[in-house]
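Here is the naming used below: chain letters follow the sequence lines, and residue numbers restart at 1 for every chain.
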2 protein chains.
Amino acid sequence: MKSPSLRVVFIGAGNVATQLALTLKKHNHSIVQVYSKQLDNAKVLAQKLKSNYTNTFETIDATADLYIVAIKDDAIAELAKHLKLSNKLIVHTSGSVDMAVLKDISSAIGVFYPLQTFSKNKSVNFKQVPICIESNNTKSLKVLSVLAHSISDNVQQIDSEQRRAIHLAAVIACNFSNHMYAIAEQLLHSSHISLDILKPLIQETTNKIKTHSPAQVQTGPAIRNDRQTMNKHLKMLENNADVQKLYKQISKSILTFSKNKKQ
Amino acid sequence: MKSPSLRVVFIGAGNVATQLALTLKKHNHSIVQVYSKQLDNAKVLAQKLKSNYTNTFETIDATADLYIVAIKDDAIAELAKHLKLSNKLIVHTSGSVDMAVLKDISSAIGVFYPLQTFSKNKSVNFKQVPICIESNNTKSLKVLSVLAHSISDNVQQIDSEQRRAIHLAAVIACNFSNHMYAIAEQLLHSSHISLDILKPLIQETTNKIKTHSPAQVQTGPAIRNDRQTMNKHLKMLENNADVQKLYKQISKSILTFSKNKKQ
């Protein structure tokens, strides 16, 4: 069954707006307008979409089916003070902001949160991207569900509290892991070795959690409480107080975690 | 060119010994004997390999081309007090132990370190596994190089100091990242959500570093110094002091790291 095409206004022209708008257009929805505080940014995205663009609230197209707010988290509350759309469906795309922030804009509000990292120039295949949807009314939730299913096979109804937990977990699992890779790269560079040597092992670590709970496949000196190796490592980090402190604390946390599991 | 087949004795019958011995056998080398302090363990592996087995040093086959020590790191020094092989080539498989630990066993020593995690019952495709080799003489290094190339396309000559750096970096990049996944899973479970929802994002995080330096693709509230989001997250972790402390420290480290890069 072909899903009905929606007429959409984008508020925001950054990474999420760009990738989401391009994908919606590709799946036969119409992006009628792009709003951005910076007219130039609105224009750049509008040209890719062949849509109109504006930088004033008064000229926002009032005839669309859906308004998607994809701007910085802390700018959403500010936007809500100025934008009024009475009973038009408006959603934001943020992981950590409550749906209720939109309640002064319209009576029909929601969230359309694609759980992925985006860059303006790297196109994203949305097919596998989990889309977390939420709304304050059943009719709008249905609209969002149809829209989400038109671009992704992984659509989930998630309330604001769960979404906050997902966002926090994503920061820990992805942003923090990436920092571990960055530290590893720095240490290897000091010994004139490329991070390439670790990439098969990094890949295997994420492959393992496809089929196992991460706590069950934890390896390394910390979970074995192998003091000798840990002390060697801490000595190697003597001139790197920041990383040495992290090493101690994460190792301690791994051991605590495994003890709690066993209890 | 077909590489010459070697006659190998394994000292140890754990995860690394099992996977490495099975792979060497598959590539036409002969595993003539397995030694383990626990005769039962030696027997289990020897049966898989159709080799002899023993649990006494006196009965170790003295006619092999190569002796591979794959036992716990801190047991290698102890082994060296008892095992004597005069001028036979002996190597260990450890990431964090110096080659010199073997010098009382023989005049020809080395390291054969496969950079991967192993379990006894999950077979490993060694083709992409980096094998780090080292020896105290050119002739033995050549033997190890031919052996390594017979099972892997990624063979690297790495000295003991570099190997220590690689091992430390692997602990940080892999064991510590896995702990981040474990924490994320625990947080999600408290909100009745499966870790599955994060798996596409985790996959994308490791995909990105195939082509970019991790420090260049760092995202999230810490690198943006987005205090509002970080404070929200810390509040959500109020009843989880251990994770709250980690969150603070890793976020701080991400910010420090990015400032140092810019300087």
Residue [X] versus chain A: region with a heavy atom under 4.5 Å:
X	answer
Gln156(B)	side chain
Asp242(B)	side chain
Val124(B)	neither
Leu195(B)	side chain
Glu185(B)	side chain
Lys210(B)	both
Ile193(B)	side chain

- Derivation and outcome, ring pair (Phe, Tyr, Trp, His ring centres under 6.0 Å), residues Phe176(A) and Tyr247(B): CA-CA 9 Å; Phe176(A) 287 6; Tyr247(B) 186 100; 5.3 Å; yes

- Task: Report the relative orientation of the aromatic rings in His179(A) and Phe257(B); use parallel for angles under 30°, tilted for 30 to 60°, perpendicular for over 60°.
- Result: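 Rings of His179(A) and Phe257(B): perpendicular, over 60°.
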
- Where Gln116(A) and Pro200(B) come nearest, the two heavy atoms and their spacing: NE2-O, 3.8 Å

- Between Val97(B) and Lys232(A), what is the shortest heavy-atom contact and its length? CA-NZ, 4.1 Å

Residues [X] and [Y]: side-chain donor-acceptor under 3.5 angstrom:
X	Y	value
Asn178(A)	Thr205(B)	no
Thr206(A)	Lys199(B)	no
Lys208(B)	Thr117(A)	yes
Asn175(B)	Thr219(A)	yes

- If one checks every heavy atom of Ser190(A) against chain B at 4.5 Å, the contacting part turns out to be neither

